[in-house]
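Here's the structure we're looking at; comments come further down.
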Amino acid sequence: MGNCWTCFKTPTESSAGDCATSATERTANDNRDASERGETDELLINNSPVHMTNLHSNSGYLTRPVPVLNGNANTMGDIIGTIKDSQQISDNTLVALYQRYKDPHEDAILSEGIERLCSDLRYKPDDFAILVLAWCLDASQMCRFTRQEFVQGLRNLNADTVDGIRLRLEQTVEKLKEDSELFKQLYRFTFGFGLEPGHRTLSLDMAIILWRLVFTVHTPKLLDRWLYFLAQHAQIRGVPKDTWNMFLNFAETCDITSYNDEEAWPSLFDDFVEYENDRANQNVTEKVDEEDTRQTLRSDGSL
């Protein structure tokens, strides 16, 4: 995946300015789309991992509020409970931390600033923890943290130093390993985060990268075979949101040997099961792993 976030195809400055969709706008669009379909999806409504109540600031300091996660009070408190409740965060400190990584020409943290932040956090830019950081900040697009996303996100995390951010990330990653419902929120966030500005589907190569990344935890048994199948079918034009969201259920519940194509699965899942059954009938037993997928993509020029 490379050594920086540019492997995620950084948008041009002009397109970022014209086409970028805020997390709030995306959530509103998601809710509107769901309403039109007659659906209610609380994970799409509550994209952000932390929803704060009684947010209060006095004299430039933010006192720690009661966190609410997906409607349940104190869940995020279990993650950050090692920090004293009396801790106060200075708005000036948060802004100063933002300024350390801010782009010199634009009021946002862009690729170079994110790389420096990752270095200070002692993570690689393509580490799972950095995806978790983007989720905690409710970032609306890759390779870009706005001032509001960065400052408000750190307020919600109750962290105003690099060491504090790293502690929060470590705690959140551990919580994600244990809490499948929390992981579902991260999983669904990842789709919108990976979209190019103005697009409604993920490119195939981006979808493969993000599936590999987000499933650092809760890895499905069929993930390698799924990604290998996708890499073998580079003519697939893109991955829509419904396919991305439903794959989590598919991976958790589906038994390929008893798969029912009459159920309301996306057609891509039908094709995958047929492909796997053909391989089984042909006694194709070679191991499929991440390197197989990468080699296929390299030969196609997609990665």
Describe, in one word, how the ring planes of Trp226 and Phe247 are oriented to each other, choosing from parallel (under 30°), tilted (30 to 60°) and perpendicular (over 60°).
-> parallel
Within a strict 4.5 Å, meaning less than it, do heavy atoms of the Pro240 and Arg200 side chains meet?
-> no
Look at the rings of Phe250 and Phe272 and say which category their plane angle falls in: under 30° parallel, 30 to 60° tilted, over 60° perpendicular.
-> perpendicular
Any chance you could measure Glu178, atom CD, to His218, atom NE2, to the nearest 0.5 Å?
-> 9.0 Å
Determine, using the 4.5 Å side-chain heavy-atom cutoff (strictly less than), whether Leu110 and Val95 are members of one ILVMFWY cluster.
-> no
Could you please spell out the steps behind the side chain to side chain contact (heavy atoms under 4.5 Å, CB included) verdict for Leu97 and Ile165?
-> CA-CA 11 Å; Leu97 189 61; Ile165 297 170; 4.0 Å; yes
How far does OG1 of Thr219 sit from CZ of Arg212, to the nearest 0.5 angstrom?
-> 8.5 Å
Which of Arg155, Glu149, Gln148 passes side-chain hydrogen bond (donor to acceptor under 3.5 Å, both in side chains) with Gln152? It is Arg155
In terms of side-chain heavy atoms, does Asp270 have a donor or acceptor partner in Tyr275 at a distance below 3.5 Å?
-> no
Under a 4.5 Å cut-off applied to non-hydrogen side-chain atoms, are Phe229 and Asp224 in contact?
-> no
Report yes if the distance between the aromatic ring centroids of Tyr101 and Phe145 is under 6.0 Å, otherwise no.
-> no
Distance (rounded to the nearest 0.5 Å) between Leu117 CG and Leu133 CG = 6.0 Å
Grab the two heavy atoms, one from Thr146 and one from Ala108, that are nearest each other, plus how far apart they are.
-> CA-CB, 4.4 Å
Is Arg166 close enough and on-axis enough to Tyr123, meaning under 6.0 Å and within 45°, for cation-pi?
-> yes
Are Leu223 and Val239 in one and the same hydrophobic cluster, where Ile, Leu, Val, Met, Phe, Trp and Tyr link if side-chain heavy atoms are under 4.5 Å apart?
-> yes
Between Val151 and Leu94, the two heavy atoms sitting closest are O-CD1, 3.9 Å
Shared hydrophobic cluster, Leu213 / Leu121 (ILVMFWY, side-chain heavy atoms < 4.5 Å) | yes
Can you name the closest pair of heavy atoms from Ala134 and Phe193 and give their distance?
-> CB-CZ, 3.6 Å
Taking all atoms of both residues into account, what is the closest heavy-atom pair of Ile208 and Ala231, and its distance?
-> CD1-N, 4.1 Å
Polar side chain donor-acceptor pair, Thr161 to Asp163, under 3.5 angstrom | no
Glu106/Arg144 under salt bridge (Lys or Arg N to Asp or Glu O under 4.0 Å): CA gap, chis, key distance, verdict | CA-CA 11 Å; Glu106 186 173 346; Arg144 181 185 182 88; 2.5 Å; yes
To the nearest 0.5 Å, what is the distance between CG (Asp126) and CG (Leu131)?
-> 11.0 Å
